[in-house]
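Below: one structure, written as structure tokens.
Below, chain A is the first sequence line, B the second, and so on; all start at residue 1.
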2 protein chains.
Amino acid sequence: MHSFKSIKIIDSGKSIILQRNNDTSVRYHSTWLRDNALDPKTRDVNNRQRLITLSDIPINISIQSAKLDKTGTNIFLTFLPEKKDVSFSANWLEAHAYDIKQHNEKGWIASDFKTWGNDMLNHIPSADYKNAKSDKTLLLQWLKSLYCYGFAKMTGGKIESGALIQIADLFGYVRETNYGKWFEVRSEINATNLAYTNLGLQAHTDNPYRDPVPTIQILYCLENSVFGGDTTVVDGFNAALRLKDENPDYFNLLSKYCARFEYKGKAGVHLQSRRPMIELSPDGELITIRFNNRSTAPITDVAYEDMINYYKAYRAFSDIINDPTLAVNFKLNPGECFVVDNTRVLHARTAYSGEGTRWLQGCYVDKDGLLSKISAISEK
Amino acid sequence: MHSFKSIKIIDSGKSIILQRNNDTSVRYHSTWLRDNALDPKTRDVNNRQRLITLSDIPINISIQSAKLDKTGTNIFLTFLPEKKDVSFSANWLEAHAYDIKQHNEKGWIASDFKTWGNDMLNHIPSADYKNAKSDKTLLLQWLKSLYCYGFAKMTGGKIESGALIQIADLFGYVRETNYGKWFEVRSEINATNLAYTNLGLQAHTDNPYRDPVPTIQILYCLENSVFGGDTTVVDGFNAALRLKDENPDYFNLLSKYCARFEYKGKAGVHLQSRRPMIELSPDGELITIRFNNRSTAPITDVAYEDMINYYKAYRAFSDIINDPTLAVNFKLNPGECFVVDNTRVLHARTAYSGEGTRWLQGCYVDKDGLLSKISAISEK
């Protein structure tokens with residue numbers, strides 16, 4: 001429970017300053033406060049959407065009066081020229097404070113993400129499908145792990161074609177593509193994708209040539225009696241942060257230039273994108289890794305003078321991604337699957353051979369469903 | 001048909017320089033050339049995917065010999081230490097040249113996009129559904145217009161619930177969300193979204209709180225006998241470029257800081273995102289507009305010192321978006337729909353009233369399908 005000691009109007013009513021009990025202070029602007037007012041004429045009481053536009057806020061808005069209640073847990077404001085009364089709780093104000101030190105470095109990650117290396121092998125987040133389906137607490141824990149690490153396993157699923165959709169149904173909506181609602185990952189003659197062969201595949205993110213790029217991916221095992229065909233996952237955020245640590249210039253090159261990606265493996269399909277291998281938000285948050293040796297198209301957006309170093313950076317990143325200390329290896333058994341945040345975690349497989357069969361099915365799910373499900377279960 | 005006059009190895013075999021017939025020249029690096037080799041050991045002959053990783057390219061790679069054929073339309077290279085022979089056509093090299101002036105300004109747009117204002121009213125790209133379905137040339141033209149302008153209409157569709165999916169099927173895959181495979185846009189009691197009321201809605205992009213944000217949106221009319229309820233579309237790229245023109249600092253503020261968006265209108269759903277209103281690629285390409293007064297959450301990632309100017313920028317952008325000279329207004333009739341690129345084009349509706357009914361259905365489709373369809377039809 002937050003509270004304030006005092007409130008004062010500053011800058012001719014353009015802002016207020018609130019004193020905390022620990023003698024630090026926090027400021028808010030009149031326009032920001034008015035725009036975020038929580039009263040029923042500003043926000044719809046049912047759906048919480050804003051009912052006003054910026055044009056409804058007078059340009060010459062100012063705060064005429066600002067008061068605290070006795071406990072300091074609520075503030076009361078009157079805005080001119082509207083003569084509008086608005087109140088906020090100290091809790092709400094603290095939760096939305098912006099008079100703070102903002103991020104300004106490149107490559108920070110959200111505080112609810114934890115990066116990992118091969119130490120993860122002994123504590124892979126995993127749940128049994130039937131338990132997760134029936135136990136909301138267990139499901140929430142599993143979903144939070146998937147969000148936090150970008151990776152989780154699920155066991156005990158049905159061994160039948162399409163069973164992966166039941167995993168998707170736990171938290172979101174399948175994203176259908178030209179590969180179908182789901183796709184078969186097994187050896188094919190004249191494969192339309194190298195994934196559909198028995199070749200080893202370097203750790204990669206899926207479909208960087210797609211816009212938007214697939215966010216969550218499920219790979220579900222139906223048969224795996226071959227020699228080889230193991231799965232590897234690598235935390236791309238960990239790899240990118242290591243690159244940044246070892247060579248900040250390389251990190252900058254892979255984030256400041258767009259690479260190109262392309263897929264043209266099948267009649268009637270031609271997908272292309274132009275995005276960086278390491279994507280940052282404008283304020284430097286590490287948000288998406290795209291890395292795929294098979295579908296990287298000729299990179300043509302890098303200045304000639306930087307291309308040698310760009311390739312050195314690309315190679316350094318590739319070497320880090322290949323480093324066994326970053327990789328978690330495991331073999332999927334029938335009825336098991338792994339789920340990755342494809343904007344962060346890379347996956348690979350070793351080559352396979354022998355008389356058995358390796359049959360996986362894969363699908364994509366939108367990440368917003370995962371986040372929504374976590375919030376929704378948490379709030380109950 | 002491109003050709004070169006001469007070829008020369010430079011930088012101790014680290015690059016080549018090709019002389020054109022007009023006496024300009026173009027350079028390529030050995031690593032880049034080797035990585036992009038088109039031979040069957042580097043690229044799979046069936047699916048065109050790359051078979052090698054960067055680790056397969058020697059660090060000390062250099063070009064030992066470089067030759068042109070008699071017509072100058074093909075080049076032949078030998079790489080050391082692999083002693084590998086690789087050839088490229090002049091056409092391929094010119095199409096993938098990177099020794100050029102790269103973009104370095106903020107806010108450029110791809111050359112195949114055309115921005116528009118209310119002049120568009122007299123030449124709205126439109127096609128009849130049955131014709132577009134049966135005539136590939138007409139369909140291609142319509143899809144290209146949709147891509148180029150981020151907006152097109154389609155007429156002559158069936159007047160039955162779910163008919164909008166037939167429009168989606170012309171070029172892509174529906175993206176299902178918590179709103180369903182499609183959603184109903186009509187007045188509801190206790191609406192879970194202000195869209196489901198008879199209120200006017202300021203021009204906006206849909207669901208900026210979603211990650212990934214919906215790319216293509218279809219809004220399909222089944223009934224429209226009310227007074228009002230007209231549709232407006234605004235080219236967000238045009239609006240952003242006008243903001244940049246009028247006040248580059250405002251443009252920079254809206255692109256350098258993340259805004260926040262949120263939807264919490266329905267039990268079990270809580271969607272949040274942190275992205276800029278004007279999103280640029282790292283090399284300055286204008287790629288996504290997010291603007292929605294109803295679902296903008298408290299903006300908390302802007303430095304206190306910049307917040308006043310950020311709000312001025314936000315207001316200036318809002319005013320431009322409200323400017324009638326940028327807006328195209330029309331009324332949808334039953335069986336008609338409009339399609340927008342929701343990462344670029346905003347849509348609005350006027351308030352409505354009266355005894356009639358206004359019933360629209362909407363859905364989202366992924367943009368990569370649109371681009372793929374255009375490429376695939378074009379190449380046939």
Side-chain angles (χ1 to χ4, degrees), chain A residues 27 29 31-32 36 44 46-50 53-55 96 98-99 102 173 175-178 190-194 202 210-212 215 255-258 264-265 268-271 276 281-283 293-296 298 300-304 307-308 311 314-315 318 322 366-368 372 375-376, chain B residues 27 29 31-32 36 44 46-50 53-55 96 98-99 102 173 175-178 190-194 202 210-212 215 255-258 264-265 268-271 276 281-283 293-296 298 300-304 307-308 311 314-315 318 322 366-368 372 375-376:
Chain A
R27 296 166 294 177
H29 293 97
T31 306
W32 186 95
N36 291 305
D44 185 274
N46 286 312
N47 56 46
R48 310 304 303 142
Q49 292 192 302
R50 187 182 282 100
T53 73
L54 278 187
S55 318
H96 298 92
Y98 60 91
D99 183 10
Q102 301 286 356
Y173 301 91
R175 176 172 173 198
E176 189 178 353
T177 71
N178 55 286
N190 295 329
T192 57
N193 193 305
L194 293 176
Q202 186 189 18
R210 217 175 268 291
D211 175 21
T215 48
S255 57
K256 82 177 236 199
Y257 282 118
C258 284
K264 213 177 167 177
V269 180
H270 186 184
L271 297 158
S281 74
D283 53 0
N293 69 299
R294 286 167 291 140
S295 60
T296 303
T300 56
D301 300 277
V302 175
Y304 180 83
M307 188 62 92
I308 288 265
Y311 256 93
Y314 179 17
R315 186 187 287 266
S318 178
N322 290 342
D366 290 314
K367 186 158 62 173
D368 49 11
S372 177
S375 293
Chain B
R27 296 166 294 177
H29 294 98
T31 306
W32 186 95
N36 291 305
D44 186 274
N46 287 312
N47 56 46
R48 310 303 304 143
Q49 292 192 301
R50 188 182 282 100
T53 73
L54 278 187
S55 318
H96 297 92
Y98 60 91
D99 183 10
Q102 301 286 357
Y173 301 91
R175 176 171 174 198
E176 188 178 354
T177 70
N178 55 286
N190 295 329
T192 58
N193 193 305
L194 293 176
Q202 186 189 18
R210 216 175 269 290
D211 174 22
T215 48
S255 57
K256 83 177 235 198
Y257 281 118
C258 284
K264 212 177 168 177
V269 180
H270 186 184
L271 298 158
S281 74
D283 53 359
N293 69 299
R294 286 168 291 140
S295 59
T296 303
T300 56
D301 301 276
V302 175
Y304 180 83
M307 188 62 92
I308 288 266
Y311 256 93
Y314 179 16
R315 186 187 287 266
S318 178
N322 291 342
D366 291 314
K367 187 159 61 173
D368 49 11
S372 177
S375 294

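Within the 4.5 angstrom heavy-atom criterion, atoms from both the backbone and the side chain of Asp99(A) approach chain B. Both the backbone and the side chain of Arg27(A) come within less than 4.5 Å of a heavy atom in chain B. Only the side chain of Arg175(B) comes within contact range of chain A, with heavy atoms under 4.5 Å apart. The contact between Gln202(B) and chain A is made entirely by side chain atoms (from C-beta outward), counting heavy-atom distances below 4.5 Å. For a residue to count as touching a neighbouring chain, one of its non-hydrogen atoms must lie under 4.5 Å from one of that chain's; by this rule Asp283(B) touches chain A with backbone and side chain alike. Looking at Asp301(A), the atoms closer than 4.5 Å to chain B (heavy atoms on both sides) sit in the backbone and in the side chain alike.
Of all non-hydrogen atoms in Ser318(A) and Leu54(B), the two that sit nearest each other are OG-CB, 4.2 Å. For the residue pair His96(A) and Thr300(B), the shortest heavy atom distance occurs at O-CG2, 3.2 Å. Shown here for Val302(A) and Gln102(B), the closest heavy-atom pair between the two residues is O-NE2, 3.3 Å. The two atoms that bring Ala191(B) and Asn46(A) nearest to each other are O-CB, 4.0 Å, heavy atoms only. Residues Thr53(B) and Asn293(A) approach most closely at CG2-ND2, 3.4 Å, considering heavy atoms. In this structure, Val269(A) and Ser372(B) approach most closely via the heavy-atom pair CA-OG, 3.3 Å.
A side-chain contact (heavy atoms from CB on, under 4.5 Å) with Gln49(B) is found for one member of Thr192(A), Asn193(A), Thr296(A) and no other, namely Asn193(A).
Arg48(A) CZ to Ser295(B) OG: the interatomic distance, rounded to the nearest 0.5 Å, is 14.0 Å. Interatomic distance, OG1 of Thr215(B) versus CG of Asp211(A), reported as 6.5 Å (0.5 Å rounding).
Counting heavy-atom pairs closer than 4.5 Å to chain B, the top-ranked of the candidates Asp44(A), Thr31(A), Asn178(A) is Asn178(A). Contact count against chain A (heavy-atom pairs under 4.5 Å) is highest for Pro298(B) among Gly265(B), Ala376(B), Pro298(B), Ser375(B). Of the listed residues (Glu176(A), Lys264(A), Arg315(A)), the greatest number of heavy-atom pairs within a distance under 4.5 Å of chain B belongs to Arg315(A). Interface check for chain B: of the options Tyr173(A), Tyr98(A), Tyr304(A), the most heavy-atom pairs under 4.5 Å are formed by Tyr304(A).
Between Leu194(A) and Asn47(B) the shortest side-chain heavy-atom distance falls below 4.5 Å. Tyr311(A) has its side chain out of reach of His29(B): every pair of non-hydrogen atoms, C-beta onward, lies at least 4.5 Å apart.
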#### Entry: side-chain contact (heavy atoms from CB on, under 4.5 Å) between Asn322(B) and Ser55(A), worked out
CA-CA 9 Å; Asn322(B) 291 342; Ser55(A) 318; 3.4 Å; yes

